[in-house]
Amino acid sequence: MTIDPAAFETYRHSPNHKTTLWRLFSGTAIVVLFWAISTAIVLFGGTYAYFAWQASIGGTAPVNGMQGFLASPIGILSALGSFAGIWIGLWIAMRWVHGEPLSALLGASRRVSWPDFLKGLVAVLITSALSEILLYLLQPGIARGTISLSSWLLFAIPIVALTFLQTSSEEVLFRGYLLRGLANRFRSPLIWALLPGLLFTALHWSSASSAAINACVLVSIAAFALLLTLVVYATGNLGAALGAHLGNNLTGFLLISHQESYNSFALFTARPLEGPDWTTADAIVIAVIGIVCSLLTIVLLLHSRSPLRVGAGLSGAMMAA
């Protein structure tokens with residue numbers, strides 16, 4: 001299983017002369033600012049509006065205040081919508097700091113490779129199914145979610161759209177803006193691959209989970225970040241990473257949820273990772289499952305004999321056209 005770096009080399013050398021370290025830091029600060037603003041609007045404005053609306057119709061406000069709002073269906077939709085702030089910040093940073101179009105972050109061709117997107121999506125859905133089977137064997141406790149099938153079908157399209165907004169913003173930021181900019185300045189993957197991966201992983205820390213569960217989740221996320229970085233390296237395009245990330249998050253949002261605070265739209269719920277009864281041995285097994293499934297996804301997407309193998313052919317064809 002070898003990787004031809006030609007497409008990635010084109011991608012990493014595509015930034016213009018304005019992609020200096022201080023501009024990269026300035027652009028990142030702009031993205032963080034707009035992300036923080038959009039998050040604050042959801043946390044405070046959304047919570048206030050929701051409470052006011054509940055009071056006007058004589059309804060009952062959710063318990064636990066802001067946390068109760070974020071765990072409600074409208075709160076989840078609002079939280080996903082807050083990731084629009086990343087897209088706004090990236091557009092401003094690329095336009096005014098770097099003098100490049102936002103599409104430059106999508107790949108060497110400046111377009112998403114949709115065939116690779118579909119392959120990444122299918123590959124992760126396959127390995128997510130395997131992961132759920134293994135997790136069920138570890139903890140056989142899956143229950144039907146509270147959402148009815150008709151409501152699930154009604155909300156499926158908005159959830160898919162907003163989840164794509166969330167996952168695409170993260171990919172364009174971590175595997176696009178940061179990875180591309182750092183790779184343009186540094187040859188070592190210990191910088192351009194490791195630093196965005198570590199930042200992406202660290203953002204998944206949960207104060208509601210035990211130290212052991214947090215450790216296993218972070219290990220699993222790190223393995224997934226490695227997968228996402230490898231497919232960008234193999235293709236010079238964000239297509240496969242966008243599909244893989246979307247497939248991973250849709251599984252948790254719509255099919256089987258392992259998070260008590262984000263299970264409003266899931267058809268089934270499993271034992272929440274925020275629960276206190278997980279042992280260290282359980283956490284180790286969960287981490288191993290995450291690593292194995294990420295490695296299997298890498299094989300599905302990069303092995304020469306895999307029908308889901310991604311490549312740089314589309315990007316190259318577009319650049320030559």
Side-chain angles (χ1 to χ4, degrees), residues 28-93 102 145-174 177 199-200 202-209 217 221 242 245-270 272-274:
T28 302
I30 291 172
V31 174
V32 171
L33 173 63
F34 277 88
W35 191 5
I37 291 173
S38 61
T39 301
I41 291 174
V42 168
L43 289 180
F44 300 105
T47 301
Y48 176 81
Y50 184 65
F51 275 48
W53 174 68
Q54 286 289 323
S56 67
I57 63 174
T60 303
V63 295
N64 301 326
M66 186 180 294
Q67 290 299 323
F69 162 69
L70 291 175
S72 68
I74 192 172
I76 293 175
L77 294 174
S78 300
L80 291 174
S82 70
F83 283 84
I86 295 181
W87 275 107
I88 296 171
L90 285 170
W91 181 83
I92 293 174
L102 183 60
T146 57
I147 190 170
S148 65
L149 182 59
S150 59
S151 296
W152 185 84
L153 292 172
L154 179 65
F155 281 104
I157 292 178
I159 283 291
V160 170
L162 288 171
T163 302
F164 182 68
L165 172 67
Q166 177 227 345
T167 55
S168 62
S169 68
E170 292 180 353
E171 287 309 304
V172 176
L173 173 59
F174 292 104
Y177 184 74
L199 182 58
F200 174 76
L203 290 175
H204 289 80
W205 174 272
S206 172
S207 59
S209 300
V217 169
I221 294 295
L242 288 169
H245 201 161
L246 178 64
N248 179 79
N249 286 27
L250 282 182
T251 301
F253 280 130
L254 286 177
L255 298 179
I256 303 178
S257 175
H258 294 269
Q259 293 180 285
E260 193 170 21
S261 54
Y262 293 100
N263 63 8
S264 295
F265 296 104
L267 280 176
F268 301 95
T269 58
L273 292 175
E274 301 97 327

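Worth saying up front: this structure is predicted, and the values here are computed from it rather than measured.
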- Around L203, counting heavy atoms of other residues, nucleotides and ligands shown, do more than 12 lie under 6.0 Å from its CG? yes
- Task: Mind checking the CZ-OG spacing from F268 to S257? Nearest 0.5 Å is all I need.
- Result: 12.5 Å
Scan the side chains in residues 38-45 for donor-acceptor partners under 3.5 Å anywhere in the protein, sequence neighbours excluded, and list what turns up.
{"residue": "S38", "atom": "OG", "partner": "F34", "partner atom": "O", "Å": "3.2"}
{"residue": "S38", "atom": "OG", "partner": "W35", "partner atom": "O", "Å": "2.9"}
{"residue": "S38", "atom": "OG", "partner": "S82", "partner atom": "O", "Å": "2.6"}
{"residue": "T39", "atom": "OG1", "partner": "W35", "partner atom": "O", "Å": "2.8"}

- Heavy-atom pair of closest approach, residues G252 and A266: O-CB, 4.2 Å
- Message: Do L250 and L255 have side chains that approach each other closer than 4.5 Å (heavy atoms only, starting at C-beta)?
- Response: no
- Task: Would you name the heavy atoms of L246 and V160 that are closest together and state the gap between them?
- Result: CD1-O, 4.2 Å
- Considering non-hydrogen atoms only, spot the tightest contact between F83 and A79 and give its length. CD1-O, 3.4 Å
- Message: What's the separation between atom CG in L254 and atom CD1 in I147, rounded to the nearest 0.5 Å?
- Response: 8.0 Å
- Query: Under 3.5 Å, side chain of T167 to main-chain N/O of T163, donor-acceptor pair present?
  - Reply: yes
- Note on the structure: When rounded to the nearest 0.5 Å, the distance separating OG1 of T28 from CG of L33 is 12.5 Å
- Task: Could you check if a side-chain atom of W87 sits within less than 4.5 angstrom of a side-chain atom of L165, using non-hydrogen atoms only?
- Result: yes
- Query: Rounded to the nearest 0.5 Å, how far apart are NE2 of H258 and CG of L273?
  - Reply: 7.0 Å
- Item | Shortest non-hydrogen separation from L102 to W91 and the atoms involved | CD1-N, 4.1 Å
- Who passes side-chain hydrogen bond (donor to acceptor under 3.5 Å, both in side chains) against S148, sequence neighbours left out? S150, S151
- Message: Using the ring centroid of each side chain, check whether F200 and H245 are separated by less than 6.0 Å.
- Response: yes
- Query: Between the main-chain N or O of E274 and the side-chain N or O of E260, is there a donor-acceptor pair closer than 3.5 Å?
  - Reply: no
- Query: Got F253 and Q259 here, is their nearest side-chain heavy-atom distance under 4.5 Å?
  - Reply: no
- Distance, nearest 0.5 Å, that separates CG of L90 from CD1 of I92: 9.5 Å
- Any idea which heavy atoms bring S168 and L242 closest together, and the distance? CA-CD2, 3.5 Å
- Note on the structure: Between F265 and I159, the two heavy atoms sitting closest are CD1-CD1, 3.5 Å
- Here the gap from I86 atom CD1 to I30 atom CD1, rounded to the nearest 0.5 Å, amounts to 14.5 Å
- Query: Which residue pairs pass the salt bridge (charged side-chain N to carboxylate O under 4.0 Å, His left out) test with at least one member in residues 156-174, sequence neighbours excluded?
  - Reply: E171-R175
